[in-house]
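Worksheet for the structure shown next.
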4 protein chains.
Amino acid sequence: MSVRVAVAGASGYAGGELLRLLLAHPGVKIGALTGNSNAGQLLGSLQPHLVPLAERVLEPTTIEVLAGHDVVFLALPHGQSAAVAEQLGPEALVVDMGADHRLADAGDWETFYGSPHAGTWPYGLPELPGGRAALEGSKRIAVPGCYPTAVSLALFPAYTAGLAEAEAVIVAASGTSGAGKAAKPHLLGSEVMGSMSPYGVGGVHRHTPEMIQNLSAVAGERVSVSFTPTLAPMPRGILATCTAKARPGVTAAAVRTAYEKAFADEPFVRLLPEGQWPATASVHGSNAVQVQVAYDGAAERIIAISAIDNLTKGTAGGALQSMNIALGLDESTGLTTIGVAP
Amino acid sequence: MSVRVAVAGASGYAGGELLRLLLAHPGVKIGALTGNSNAGQLLGSLQPHLVPLAERVLEPTTIEVLAGHDVVFLALPHGQSAAVAEQLGPEALVVDMGADHRLADAGDWETFYGSPHAGTWPYGLPELPGGRAALEGSKRIAVPGCYPTAVSLALFPAYTAGLAEAEAVIVAASGTSGAGKAAKPHLLGSEVMGSMSPYGVGGVHRHTPEMIQNLSAVAGERVSVSFTPTLAPMPRGILATCTAKARPGVTAAAVRTAYEKAFADEPFVRLLPEGQWPATASVHGSNAVQVQVAYDGAAERIIAISAIDNLTKGTAGGALQSMNIALGLDESTGLTTIGVAP
Amino acid sequence: MSVRVAVAGASGYAGGELLRLLLAHPGVKIGALTGNSNAGQLLGSLQPHLVPLAERVLEPTTIEVLAGHDVVFLALPHGQSAAVAEQLGPEALVVDMGADHRLADAGDWETFYGSPHAGTWPYGLPELPGGRAALEGSKRIAVPGCYPTAVSLALFPAYTAGLAEAEAVIVAASGTSGAGKAAKPHLLGSEVMGSMSPYGVGGVHRHTPEMIQNLSAVAGERVSVSFTPTLAPMPRGILATCTAKARPGVTAAAVRTAYEKAFADEPFVRLLPEGQWPATASVHGSNAVQVQVAYDGAAERIIAISAIDNLTKGTAGGALQSMNIALGLDESTGLTTIGVAP
Amino acid sequence: MSVRVAVAGASGYAGGELLRLLLAHPGVKIGALTGNSNAGQLLGSLQPHLVPLAERVLEPTTIEVLAGHDVVFLALPHGQSAAVAEQLGPEALVVDMGADHRLADAGDWETFYGSPHAGTWPYGLPELPGGRAALEGSKRIAVPGCYPTAVSLALFPAYTAGLAEAEAVIVAASGTSGAGKAAKPHLLGSEVMGSMSPYGVGGVHRHTPEMIQNLSAVAGERVSVSFTPTLAPMPRGILATCTAKARPGVTAAAVRTAYEKAFADEPFVRLLPEGQWPATASVHGSNAVQVQVAYDGAAERIIAISAIDNLTKGTAGGALQSMNIALGLDESTGLTTIGVAP
């Protein structure tokens with residue numbers, strides 16, 4: 001079996017990473033590649049690392065170009081997916097790598113994105129409780145944000161096991177590719193090399209309601225989230241330091257057990273042996289999630305830390321993993337847990 | 001007036017940074033420079049950026065070499081300062097850039113450092129309430145740790161103004177020079193470039209009791225601290241994201257006012273204009289502290305973020321600033337708020 | 001068919017990269033993994049990115065452990081391969097990733113390495129004229145050095161086409177992984193980030209005679225080589241700027257034609273379209289070689305520039321490619337031209 | 001004495017670096033600061049590291065604003081300096097940090113810059129033979145390009161001593177700040193971190209004729225230059241590897257002697273002890289030039305390598321050094337040889 005796949009937004013970082021993975025997927029045939037400002041250009045000049053596709057020409061992102069594919073990945077700016085998806089019809093699997101269909105609450109969407117809510121699609125984080133069932137056979141997938149992926153996977157076992165209070169404090173560091181390929185002065189190499197800086201501080205980052213949604217679902221009550229993202233001097237990777245107040249009576253052993261149980265059968269999440277901590281370099285280019293957890297008895301907090309590649313598990317790899325499930329393929333097809341290090 | 005200064009531990013990063021600053025200090029004459037394994041070597045081969053001292057030869061760290069100076073800076077491994085300081089006599093100003101004399105609580109010292117407590121010296125963080133008075137005329141100074149410097153300065157105004165509950169959650173990213181110059185595999189460039197990773201997670205980092213000590217002093221009650229340090233792919237800089245539960249009734253305006261007031265007359269701390277956030281690149285090589293603060297009403301937390309150069313304000317610059325105060329010099333002598341950027 | 005493979009030196013960067021590639025090679029079964037100082041340790045603690053091998057324990061590098069494999073890769077320090085290889089017997093394919101068997105001239109070996117010459121094995125650079133024939137069916141392979149790989153591939157077309165004088169000037173920048181995983185102060189992240197520096201200047205780098213050997217073979221006369229390596233602030237990658245005096249009458253068109261012809265059928269070497277230049281990021285983690293060439297009419301020099309990943313095409317990928325040829329497998333098995341970028 | 005200084009182009013990297021240095025210059029008063037697209041903005045938002053100037057507002061770059069200063073620095077795009085300079089009148093010292101007045105040959109200018117030649121001003125590289133004399137009392141200074149500074153200082157002693165043939169091959173690596181602050185996709189942090197790449201290959205880089213001009217002047221004959229610049233993953237610094245064919249009979253000792261003699265009295269150029277090589281980190285933020293030289297007897301080439309900070313000695317520091325000479329101040333005023341490392 002081979003499914004024909006189109007990628008809308010093939011010139012960006014998410015689109016490029018998706019193509020890198022699709023090229024290694026044995027059940028996929030790469031069809032139309034589209035861009036907007038870059039339509040007409042050779043992919044080789046825009047994504048010089050994708051050698052087998054170097055002679056491909058980007059087409060405009062129109063319904064005519066995208067129609068007729070079994071799967072359409074949308075790596076478009078926020079707010080543009082819904083219009084395209086509507087026209088694609090119900091038989092195509094549409095995987096939205098943007099934010100449009102992640103949030104269940106229309107009010108949250110409007111508050112954080114300032115436009116009408118496009119609706120909610122099955123959420124592409126299979127490792128969450130009930131995550132796989134929601135994706136099987138689905139024709140629509142909302143790929144999670146990169147930060148919510150790292151954070152939800154790090155913290156949900158503490159909530160499913162009833163170990164944490166409904167109050168999380170999270171600080172995450174992301175590589176610069178998370179900010180996309182549009183040229184902005186503060187993303188210049190001269191500015192970011194040698195520098196750490198925060199942004200979107202104080203609850204205003206758009207991934208905050210998505211984290212609250214995920215953690216509240218597993219906790220069974222509304223979880224308050226203080227989230228601070230920071231920009232780190234590296235191209236890829238997210239390190240998420242996630243802490244939550246421990247419930248009375250929690251022990252280090254109980255925390256360890258909960259995490260071991262939560263990830264025992266997960267193909268991509270690896271709870272590290274005690275004493276070893278995640279590093280983004282170890283998951284570079286892979287779909288793996290490294291997790292470690294500690295219990296700070298003095299501060300009475302659980303500290304769960306995860307490392308992912310923001311472009312792979314955080315975006316394109318997560319999208320492909322969800323596609324595999326939706327299509328009934330082996331979940332790991334075309335994906336690896338092996339990082340490119342050092 | 002010119003004071004004669006010796007530096008014990010001149011081959012390391014802290015010692016090198018101190019020498020860089022001393023070379024620009026108009027009231028100082030650089031005397032003996034010592035090292036242990038490097039005694040006998042030219043400083044030019046160990047610190048090639050310190051051109052004016054290139055022909056200086058490192059001497060062994062002995063009392064004979066260090067005696068006869070007005071000021072002796074000790075940039076020695078933890079646990080080695082006390083023995084040297086005792087022999088130096090009471091007339092020399094001894095500035096301990098190690099940890100030995102920072103903690104007031106002997107039990108804390110023994111728990112975190114595993115050796116007998118050497119005693120407590122006046123603490124070299126002038127910006128804390130009462131900080132300058134404690135240093136004026138003193139003959140002994142304990143230079144704060146780099147993380148406690150960044151964290152205490154970011155958070156104390158929230159406590160002095162009574163805005164925060166006695167519970168702080170802190171995640172900080174440090175450049176690799178904070179880990180020193182000893183060659184260890186995990187500090188190799190190949191390992192750290194492109195990677196973020198945590199260490200000392202769960203309340204075990206040695207700077208934790210120092211933060212608790214400082215914040216508790218200003219809060220007037222014991223402040224619980226959850227502290228997670230991370231290693232960032234950059235040579236210098238600390239970005240500290242410090243959050244604390246807000247007390248009932250706190251407003252964004254009250255937070256802003258408290259911070260404006262706290263730093264109004266500080267020569268080295270700059271509260272950034274609203275909307276602008278600290279970046280470690282902006283304080284590279286300078287003694288400045290950039291601070292910004294936000295109030296997250298949904299999470300009911302105050303988020304205060306600071307950026308310092310871990311080697312300058314976080315170690316050698318802070319040491320020099322305290323020396324200036326102890327000697328009755330202008331506090332800013334030989335120090336700058338101007339960073340080397342980009 | 002599945003060949004059983006042992007890797008001696010599995011804890012280093014070359015060994016780790018080889019394992020990363022072997023895990024994706026469909027015709028290979030990974031047998032013994034050995035180390036010396038690390039014997040007895042879990043691979044997961046030494047190479048945390050190689051998740052599927054995390055539970056493997058390193059064995060000591062002895063003939064007993066290595067015997068009984070179809071292929072033995074030696075990623076050992078220089079001078080240690082010969083003794084191991086002798087004991088392995090003639091039926092095993094031995095692939096030496098060290099320098100011991102690269103040089104044909106015993107005098108060169110002794111001059112540059114200071115020990116007796118171990119002999120010369122078929123040279124694992126298939127793209128050189130006659131390169132594949134030398135490897136087919138061979139039971140011994142000498143994997144080229146990383147710099148000679150980048151340089152020989154960039155320059156040989158100019159010599160085979162008779163366009164260049166026998167005098168090359170080469171400056172190359174390498175990522176730090178080329179210097180290995182042993183902890184040395186000048187390789188600390190604090191030292192290399194933000195810094196470019198040369199080493200082995202003036203014809204003393206050990207890869208120089210290997211370059212002379214390769215280029216002289218294709219030129220049919222002894223080629224003089226001035227080679228300067230530099231250390232760049234990145235973990236991986238080599239960018240080799242290779243220039244040679246042009247022979248009288250050379251034109252830009254003739255140069256372009258020669259390079260197009262030389263690489264027309266190569267699976268891993270890509271001559272970029274005119275106007276596009278190599279970047280090490282584009283070949284990160286891949287076995288690809290990006291090449292571009294220009295003719296500077298004013299200086300009368302040909303400038304050929306190549307980018308490789310020093311650990312992949314420059315070491316482990318090149319080794320695997322040569323193994324494939326020696327075993328009669330498709331040359332590209334288990335290897336990719338697709339880089340991990342950005 | 002205090003001279004009043006204006007800076008046109010204060011929002012860019014060259015302008016920012018100049019201001020950083022001017023703030024430490026005791027004989028200078030900073031007057032008007034201008035920008036074009038950024039006029040009206042606070043300097044604190046554009047150059048957050050320049051704390052003492054944070055409240056300054058950028059003015060438009062007009063003759064009215066720039067008039068009435070003793071010294072006017074022009075950090076403008078190429079081709080814009082001449083028009084401004086003409087209007088400033090002969091009594092102001094005008095220091096052009098752009099390219100407009102560097103080249104003596106109008107034909108070279110037109111070939112490489114494509115516009116009419118604006119004329120030639122005294123050249124601000126005091127270390128070249130006759131360099132200081134040309135600047136003393138001058139009212140116009142053309143600041144050299146960053147690459148020509150690094151290259152000319154590394155190679156001129158070989159020519160003044162008659163040791164080198166008139167043929168140089170140069171490869172240099174530059175930090176990204178050399179490409180300026182305008183946001184371009186290939187300069188994004190995501191693109192440059194982890195990557196080395198060349199540009200302007202084959203004699204087309206605009207700094208080539210400037211190098212030829214400088215080296216030919218000292219050689220007394222036209223020197224052919226093959227120059228390849230590369231972009232390195234660091235914000236600052238140039239490492240220039242400069243090689244020239246040695247004349248018959250040259251020895252390593254003769255080369256060493258020539259270099260020792262050339263730099264014996266230079267305040268900013270440091271010929272390193274034998275065995276030690278330049279590193280850009282060592283000159284970070286300083287006006288120093290580190291030089292080392294070797295003679296490769298086998299290749300019969302002299303290899304001279306220099307490291308500078310492209311923004312300091314390569315641009316703003318060099319400009320200030322020349323200003324000091326022109327004004328009759330001590331040449332080193334406001335400048336340092338001490339780098340900020342690590």
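Computed from a prediction, not measured in an experiment: that's the story for all the values here. Below, read A as the first sequence line, B as the second, and so on, with proteins coming before strands; counting in each chain starts at 1.
- Between the side chains of C:N310 and C:S174, no donor-acceptor pair of N or O atoms lies under 3.5 Å.
- Between C:H207 and C:F227, the distance separating the two ring centers is not shorter than 6.0 angstrom.
- Options B:V192, B:L187, B:T176, B:L188 differ in how many heavy-atom pairs under 4.5 Å they form with chain C, and the most are formed by B:L188.
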Going through the distances and angles, do C:H186 and C:Y199 end up as a ring pair (Phe, Tyr, Trp, His ring centres under 6.0 Å)? CA-CA 11 Å; C:H186 75 286; C:Y199 63 102; 8.1 Å; no
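- Heavy-atom distances place both the backbone and the side chain of C:K181 under 4.5 Å from chain B.
- There is no contact between C:A179 and chain B, counting heavy-atom distances below 4.5 Å.
- Nearest heavy-atom pair, B:Q80 versus B:D100, reported as atom, atom and distance to 0.1 Å: N-OD2, 3.4 Å.
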